[in-house]
There are 2 protein chains.
Amino acid sequence: MSIADDFDLQNFLPYLLNQAAEVSSLQFQQVYKDRYGMLRTEWRVLFHLGIYGKMTAKQIGERSKMHKTKISRAVAKLAERRFLTRHRDGADRRLEYLELTEAGRRAYRDLREVAKTHDSALAARFSEADMATFKRMLRALASGAA
Amino acid sequence: MSIADDFDLQNFLPYLLNQAAEVSSLQFQQVYKDRYGMLRTEWRVLFHLGIYGKMTAKQIGERSKMHKTKISRAVAKLAERRFLTRHRDGADRRLEYLELTEAGRRAYRDLREVAKTHDSALAARFSEADMATFKRMLRALASGAA
DNA sequence: CGTTGTTAGTTACAAAATCAACTGTTAACA
DNA sequence: TGTTAACAGTTGATTTTGTAACTAACAACG
């Protein structure tokens, strides 16, 4: 096996996907990190609330597939920084509705524009048809179903 | 922004890539974790040595783009478990050549087969043409160049 | 030589992710 | 009701990662 093994890491999908994901996340990461001191989990929660409006931690978990402890901690930090507020449900007091404050909405709108620009820059490197195929396949892989 | 924001996370490339990468890594992760107690960094180092034969930590870093501290720790664990050996270069004693032991080669060959099977299963879900486009785009994104 | 800079790799400390156990609440049903 | 199970969310302990500073070795050049 020493020299010239026939297996190629650059063709192994999980490896390749991870490398592409890492590289493409980096630029955007610098923005939310430098500008708002956020973590990946935090901008994700922010975006979910920005896009869908008021929702519970549980619902965010279902949509994002993030583990509830990550969400709990991200929510705590966003609340601490006054980007969101929490209200208990009157009927079922286990539930807590999360909603962005005005500051949170401002941050969301700002980052959304950065995301759109970033996405366009990436998309511009490929044809529209290729990009459509690409996203369709990513969604299929992300959804998992064998 | 509350309801029906026009931005869609499912179209935002860094997010989508991360989700696809996470899902597609999971099955393989379970194998190297359960079967050999390895971490992601560890199987990567193992594969580099399995594919390319004897090389230094620096060279692994150049090929994999992993940070040298990750590699250092992965190498330490693999050495501890007798999957690889280290020899100092006689001429330049800063360099350390890493090489798989027989046990390391066995683990590599085993995991390589799992990887191949896993990869085929993923590939089988798409046409060959789509898969070629997909990998070409992933490589372009991974290589970074704007 | 000897000083300064560079390189390969490691270690120490802080930040973050993961897993399990926990609190407080509602639901089910004998 | 009372007891047990299920659920939303939090907390704590452990593991893993990331950042910086470090050690040991070589190189360049006065």
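A salt bridge between A:K77 and A:E80 is absent, with no side-chain N of the basic residue lying under 4.0 Å from a carboxylate O of the acidic one. At a threshold of 4.0 Å, the pair A:R136-B:D130 counts as salt-bridged, since one of the basic side-chain nitrogens sits closer than that to a carboxylate oxygen.
Nearest nucleotide to the side chain of B:R86, out of C:dT26, C:dT10, D:dT17: C:dT10. Each of C:dC19, D:dA8, C:dT11 was ranked by its minimum atom distance to the side chain of A:L95; first place goes to D:dA8.
What separates CD of B:E42 from P of D:dT16 is a distance of 8 Å, to the nearest Å. For the pair A:D92 CG and D:dA6 P, the interatomic distance rounds to 17 Å; values are reported in whole Å. C:dG9 atom P lies 13 Å from atom NE2 of B:H87, rounded to whole Å. Protein atom NZ of A:K33 is 11 Å distant from nucleotide atom P of C:dA15, rounded to whole Å. One can place NE2 of A:H67 at 11 Å from C1' of D:dG9, the figure rounded to the nearest angstrom. Distance, B:E96 CD to D:dA24 P: 15 Å, rounded to whole Å. Atom CD1 in B:I60 sits about 13 Å away from atom C1' in C:dA8, given to the nearest Å. If you take CD of A:E62 and C1' of D:dG9, they are 14 Å apart, rounded to a whole angstrom.
Under 3.5 Å, the side chain of B:R73 and the base of D:dG18 form at least one donor-acceptor pair of N or O atoms. A donor-acceptor contact under 3.5 Å is formed by the side chain of B:R94 with the base of C:dT7.
OP1 or OP2 of C:dA16 sits under 4.0 Å from a side-chain N or O of A:K77. Between B:S72 and C:dT10 there is a side-chain N or O to OP1 or OP2 distance below 4.0 Å. Contact annotation: B:K68 does not reach the phosphate of C:dT10 (side-chain N/O to OP1 or OP2, under 4.0 Å).
Ring geometry for A:F28 versus A:W43: interplanar angle over 60°, hence perpendicular rather than tilted (30 to 60°). A tilted orientation is assigned to the rings of B:F134 and A:F134, their planes being inclined by 30° to 60°.
If you check every strand for non-hydrogen atoms under 4.0 Å, B:A74 touches nothing. Contact annotation for A:K58: backbone-only contact, meaning every heavy-atom pair under 4.0 Å involves sugar-phosphate atoms and none involves a base. Contacts of A:L39 with the nucleic acid, taken as non-hydrogen atoms under 4.0 Å apart, involve only primed sugar atoms and P, OP1 or OP2. Note on A:T56: only backbone sugar-phosphate atoms sit closer than 4.0 angstrom, heavy atoms only; bases stay farther off.
Judged by distance alone, the side chain of B:R81 and the main-chain N or O of B:G37 form a donor-acceptor pair under 3.5 Å.
The nearest heavy atom of DNA chain D to A:Y97 and to B:R40 marks one nucleotide each, and the one closer to the 5' end goes with A:Y97.
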